[in-house]
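This report refers to the structure that appears directly beneath it.
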Number of protein chains: 2
Amino acid sequence: MKELQDRIRRDGMVKPGNVLKVDSFLNHQCDVALFDHMGAEWARIFSGRHIDKILTIEASGIGIACCAARHFGDVPVVFAKKTQSINLEGDQYVTKVYSYTKQREFPVIVAKRFLKAGERVLLLDDFLANGKAMQGLIDICGEAGAQVVGIGIAIEKGFQSGGEILRRAGYDVESLAIVTSMDAETGTVEFA
Amino acid sequence: MKELQDRIRRDGMVKPGNVLKVDSFLNHQCDVALFDHMGAEWARIFSGRHIDKILTIEASGIGIACCAARHFGDVPVVFAKKTQSINLEGDQYVTKVYSYTKQREFPVIVAKRFLKAGERVLLLDDFLANGKAMQGLIDICGEAGAQVVGIGIAIEKGFQSGGEILRRAGYDVESLAIVTSMDAETGTVEFA
């Protein structure tokens with residue numbers, strides 16, 4: 001998606017350790033017009049496939065998923081939680097994933113009431129790198145008996161293994177920008 | 001806002017300890033059509049007041065704020081973070097608030113780049129009870145020299161002190177549903 005790639009080139013910041021900071025428009029400050037265009041693009045890509053629900057994970061996925069949902073007929077958005085709450089009692093699907101950016105393991109929690117057997121689910125998230133968070137959502141869909149119809153990613157780090165692992169497992173991963181290389185010294189970003 | 005009150009009456013669940021669960025449409029599963037209507041209502045209420053930016057806090061505020069932003073001319077949405085990340089280095093505004101639902105203190109973090117002196121900010125969140133999270137956002141706006149133009153809340157627990165404290169301090173708090181009482185035995189919810 002050219003608009004997203006141009007925006008990454010313009011406003012993204014490459015940091016040592018293969019860190020791509022896009023917090024000025026994607027995951028701290030949010031450009032909702034861009035989110036809307038991203039939603040429209042996923043709707044075009046996944047058109048013809050019936051989607052019952054969008055599943056994402058807090059926090060950065062939520063805004064993207066909520067803006068995208070209107071392009072899928074206002075389907076419900078469910079966001080997996082990363083912390084237990086006294087308001088989250090009851091039957092839950094829980095799995096654990098390790099976050100490199102947070103440098104710790106965290107739980108991924110979805111209340112069973114919001115994910116049912118046979119539901120056709122689109123998974124959305126802001127980043128795909130090693131794919132751990134996405135694997136957590138897939139595991140939860142599997143437990144629920146829900147069907148993963150597709151996976152929409154804003155920015156995939158193509159030089160990390162998450163995308164390859166998911167595609168090899170048969171998932172239709174549609175990333176709007178696939179970064180093939182970045183250089184912290186020059187600040188350049190190359191796309192597939 | 002009648003639509004939100006009706007929805008709370010229909011799908012909200014009252015639990016002992018003054019807990020109102022609205023996770024089927026507001027803060028775990030999200031009804032984005034409802035969020036859109038809530039955004040339109042805040043835009044009507046705050047019309048005529050120039051808004052540069054919407055500030056909210058992860059996680060439940062993000063979807064609401066992103067859906068509302070399009071009714072304010074697609075202004076940027078900034079969401080305060082509750083955990084440090086290696087991607088969040090640099091100058092930050094940080095304050096601490098205590099969460100009763102999570103039963104622990106957590107930081108509220110906004111990168112200084114995304115909140116500037118003189119900016120006119122609308123604060124949005126899903127719940128207002130004791131007002132601790134909202135006070136954290138106000139403190140951060142104060143540090144930044146940004147002006148809080150208004151506070152939009154989906155559900156205010158009118159029997160807790162947050163709303164009164166903020167209004168007495170001069171803030172224009174606009175809650176779309178103000179719960180005056182709830183009864184866990186009968187499941188009834190009364191609104192102002």
Side-chain angles (χ1 to χ4, degrees), chain A residues 15 17 19-25 27-36 53-70 72-90 99-104 106 109-111 113-115 127, chain B residues 15 17 19-25 27-36 53-70 72-90 99-104 106 109-111 113-115 127:
Chain A
K15 301 282 179 183
V19 172
L20 176 61
K21 277 175 75 93
V22 288
D23 55 357
S24 65
F25 58 95
N27 51 20
H28 187 7
Q29 183 166 256
C30 305
D31 181 338
V32 295
L34 174 65
F35 287 10
D36 182 64
K53 190 165 276 184
I54 293 173
L55 178 63
T56 186
I57 184 165
E58 68 176 21
S60 310
I62 300 173
I64 293 167
C66 284
C67 290
R70 49 189 295 264
F72 291 87
D74 283 343
V75 292
V77 171
V78 174
F79 62 88
K81 308 224 173 190
K82 289 179 181 169
T83 51
Q84 284 288 357
S85 159
I86 57 168
N87 288 356
L88 251 185
E89 38 78 320
S99 164
Y100 288 90
T101 45
K102 304 281 181 187
Q103 299 187 320
R104 62 178 176 83
F106 58 86
I109 306 161
V110 174
R113 290 183 292 141
F114 304 136
L115 202 56
F127 264 98
Chain B
K15 300 283 180 183
V19 172
L20 177 61
K21 276 175 75 93
V22 287
D23 55 356
S24 66
F25 59 95
N27 49 21
H28 187 9
Q29 183 166 255
C30 305
D31 181 337
V32 295
L34 174 65
F35 287 10
D36 183 63
K53 190 164 276 183
I54 294 173
L55 178 64
T56 187
I57 184 164
E58 66 178 20
S60 310
I62 301 173
I64 292 167
C66 284
C67 289
R70 48 190 297 263
F72 291 86
D74 283 342
V75 291
V77 171
V78 174
F79 62 88
K81 307 224 174 191
K82 290 179 181 170
T83 50
Q84 285 287 357
S85 160
I86 57 167
N87 287 355
L88 251 185
E89 38 78 318
S99 164
Y100 288 91
T101 44
K102 303 282 182 187
Q103 300 188 317
R104 62 177 176 85
F106 58 86
I109 306 162
V110 174
R113 291 182 290 140
F114 305 137
L115 203 55
F127 264 98

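Every heavy atom of this structure was used, including side-chain atoms; hydrogens, water molecules and symmetry mates were not. Residue numbering restarts at 1 for every chain, and letters A, B, ... go by the order of the sequence lines.
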Point to revise | Option that, when pairs with chain A are counted at under 4.5 Å, heavy atom only, ranks first among B/Val77, B/Ile64, B/Asp36 | key: B/Val77
Review point. Hey, is the main chain of B/Val78 close enough, under 3.5 Å, to the side chain of A/His28 for a donor-acceptor pair?
Key: no
Exercise for review: Identify which part of B/Ser99 has an atom lying under 4.5 Å from any heavy atom of chain A, answering side chain, backbone, both or neither.
Suggested key: neither
Check your understanding: If you measure from CZ on A/Phe114 to OG on B/Ser24, what distance do you get to the nearest 0.5 Å?
Key -> 5.0 Å
Practice item. Write down the atom of B/Gly63, the atom of A/Cys66, and the distance for their closest heavy-atom approach. Key: CA-SG, 3.7 Å
Check your understanding: When rounded to the nearest 0.5 angstrom, what is the spacing between SG in B/Cys67 and CZ in A/Arg70?
Key -> 8.5 Å
Exercise for review: Sort out for me which of A/Ile54, A/Asp31, A/Ile62 touches chain B most, counting heavy-atom pairs under 4.5 Å.
Suggested key: A/Ile62
Review point. Is it the backbone or the side chain of A/Lys82 that comes under 4.5 Å from a heavy atom of chain B, or both, or neither?
Key: neither
Study note, to complete from the structure: Rounded to the nearest 0.5 Å, the OG atom of A/Ser60 sits from the NZ atom of B/Lys81 at a distance of 4.5 Å
Practice item. Please tell me if the side chains of A/Arg104 and B/Thr83 come closer than 4.5 Å, counting only heavy atoms from C-beta onward. Key: yes
Review point. A/Asp74 versus chain B, heavy atoms under 4.5 Å apart: side chain, backbone, both or neither?
Key: both
Exercise for review: Report yes if the side chains of B/Gln29 and A/Arg113 come closer than 4.5 Å at any heavy-atom pair, otherwise no.
Suggested key: no
